[in-house]
Amino acid sequence: MGKKLVIGSSGQIGVELIEQLAKEFGANQVIASDIKSVFDKKNSAVEYVILDVLDKEKLFKTIKDHNISEVYLLAAMLSAIAEKNIQLAWDLNMKGLFNILDLAKEKHIEKIFWPSSIAVFGPTSPKLNTPQSTLLEPSTVYGISKMSGERWCEYYFLKYGVDIRSLRYPGIISYKSQPGGGTTDYAIEIFHAAINQGFYNSFISNEVTLPMIYMKDAIRATMELMRADRKTLSINSSYNLAAISFNPAEIANEIKFLFPEFKITYSPDFRNRIALSWPSIIDDSVARKDWGWKHEFDLKKTILEMINGIKNSVFN
Ligand code: SER
């Protein structure tokens, strides 16, 4: 059993995934990597490597030098920012995946985690209780790249036996690091704004409901899926994953219980159109059946964690 490499370790998920992997397997079993020249987590015992996933040679060398058997490929461009960088987003999201898939096909990696997203769904997918298998006609660059990525993951599994596991993450809510360029980022910004300004101007309109998940649940889902016996997995592409669903008006009302002065206004922009193309509530019964997925954080618990976390956090 080799070490675990997290690619995109400075991102929203990477920062917390590294902590959890180090806790479960030991810091010396985890290698963090990102394109940034410095590792943000100065106190971490985890070794850091500067790595661009598009640099296949360095990727190969890193995997060999550090005896890597498991890769968590988190480097990607999210939905909103991808709309402004179409070609770059496609290249990063697809070529990065191919580089890893090919190294696994050549038996240099044993197991891969690659996140997909609710963005694989589009305006023609059912909005409520969106099934695992349904029409996938995404209307964003990000969604198209994730949908294509899912197909390639299944192809590499069926044709070459590559063990790749994947989740269609909902919007992930967390405070330990800033999200970057997503549509669901409003559900994080709103907490910082409530605490620091008492006011938030939402780029998503009041009644647009989106599926969300608290980071601790998202990390636990990732670890559980990676640990699951492959024989129990009926999905070879990416699992629907769900926890909570709410719209900006609902979360604002909950925040008002704790900050009665809090005010919200709405100035929907292009991200609102993206949000409107996504489902409101996801059916994740296949994940629940296959590997026992169950979320722990409801909306109230998520809000309390966020508020306490931001108040105690250095990012505040
Ligand atoms: N959170 C992502 C985004 O908003 C969706 O997976 O882009």
Side-chain angles (χ1 to χ4, degrees), residues 8 11-17 72-86 88-90 92-94 96-97 113-123 125 127 130 136 138-150 153 166-192 202-205 208-219 221-222 225 237-248 251 268-282 284 287 295 297 302 306:
Q12 188 198 3
I13 304 168
V15 166
E16 302 207 29
L17 184 63
Y72 295 76
L73 172 55
L74 306 179
M77 209 182 272
L78 289 181
S79 61
I81 192 166
E83 291 305 301
K84 298 188 187 288
N85 300 277
I86 295 176
L88 199 60
W90 179 257
L92 175 62
N93 295 4
M94 296 310 297
L97 176 60
F113 178 80
W114 173 79
S116 184
S117 160
I118 52 166
V120 295
F121 301 111
S125 311
K127 282 233 171 293
T130 315
L136 297 184
S139 53
T140 62
V141 179
Y142 178 65
I144 295 168
S145 74
K146 288 296 181 187
M147 184 205 62
S148 312
E150 283 190 9
C153 288
S166 177
L167 295 168
R168 289 172 177 160
Y169 285 136
I172 301 180
I173 304 177
S174 70
Y175 61 85
K176 290 195 182 166
S177 67
Q178 302 291 345
T183 299
T184 56
D185 294 4
Y186 96 83
I188 296 174
E189 287 180 9
I190 196 170
F191 288 102
H192 291 272
S202 173
F203 57 80
I204 301 293
S205 58
V208 181
T209 299
L210 289 172
M212 303 276 181
I213 190 168
Y214 185 55
M215 181 63 91
K216 279 189 187 161
D217 270 342
I219 297 287
T222 307
L225 177 63
S237 53
S238 191
Y239 277 94
N240 275 10
L241 183 77
I244 49 182
S245 279
F246 55 80
N247 62 38
I251 193 168
D269 65 15
F270 74 101
R271 290 169 284 188
N272 196 54
R273 275 197 304 281
I274 297 177
L276 283 169
S277 76
W278 291 349
S280 301
I281 298 174
I282 299 281
D284 64 350
H295 73 279
F297 287 83
T302 301
M306 283 298 287

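What you are looking at is a predicted structure, and each value in this text was computed from that prediction instead of being measured. Order of listing sets the numbers, starting from 1, for every ligand and every atom in it. Quick note: residue numbers are just sequence positions, from 1. Scope of the values below: all heavy atoms of this structure, side chains included, with no hydrogens, waters or symmetry mates.
Side chains of Gln12 and Ser174: a donor on one and an acceptor on the other come within 3.5 Å.
In terms of N/O distances under 3.5 Å, ligand 1 is approached by Thr184.
By the 4.0 Å N-to-carboxylate-O rule, Arg271 lies too far from Glu83 to be salt-bridged with it.
The local environment of NZ in Lys84 is sparse, with at most 12 non-hydrogen atoms from other residues, nucleotides or ligands closer than 6.0 Å.
Here NZ of Lys146 is found 7.0 Å from OG of Ser117. Values are rounded to the nearest 0.5 Å.
Residue nearest to atom 6 (O) of ligand 1, selected from Ala82, Ala76, Ser117: Ser117 (by heavy-atom distance).
Of all the heavy atoms of Trp278, the ones lying under 4.0 Å from any atom of ligand 1 belong exclusively to the side chain.
Residue Gly182 has at least one heavy-atom neighbour below 4.0 Å for each of these atoms of ligand 1: 3 (C), 4 (O), 7 (O). Near Leu78, meaning under 4.0 Å from any of its heavy atoms, are these atoms of ligand 1: 7 (O).
The shortest contact between atom 3 (C) of ligand 1 and any protein heavy atom is with Ser79 OG, 3.3 Å. Nearest non-hydrogen protein atom to atom 4 (O) of ligand 1 is Thr183 N, 2.6 Å.
A search for ring-ring contact (aromatic ring centres under 6.0 Å, His included) contacts involving Phe246 returns nothing, not counting sequence neighbours. For Phe203, the ring-ring contact (aromatic ring centres under 6.0 Å, His included) criterion is met by no residue, not counting sequence neighbours.
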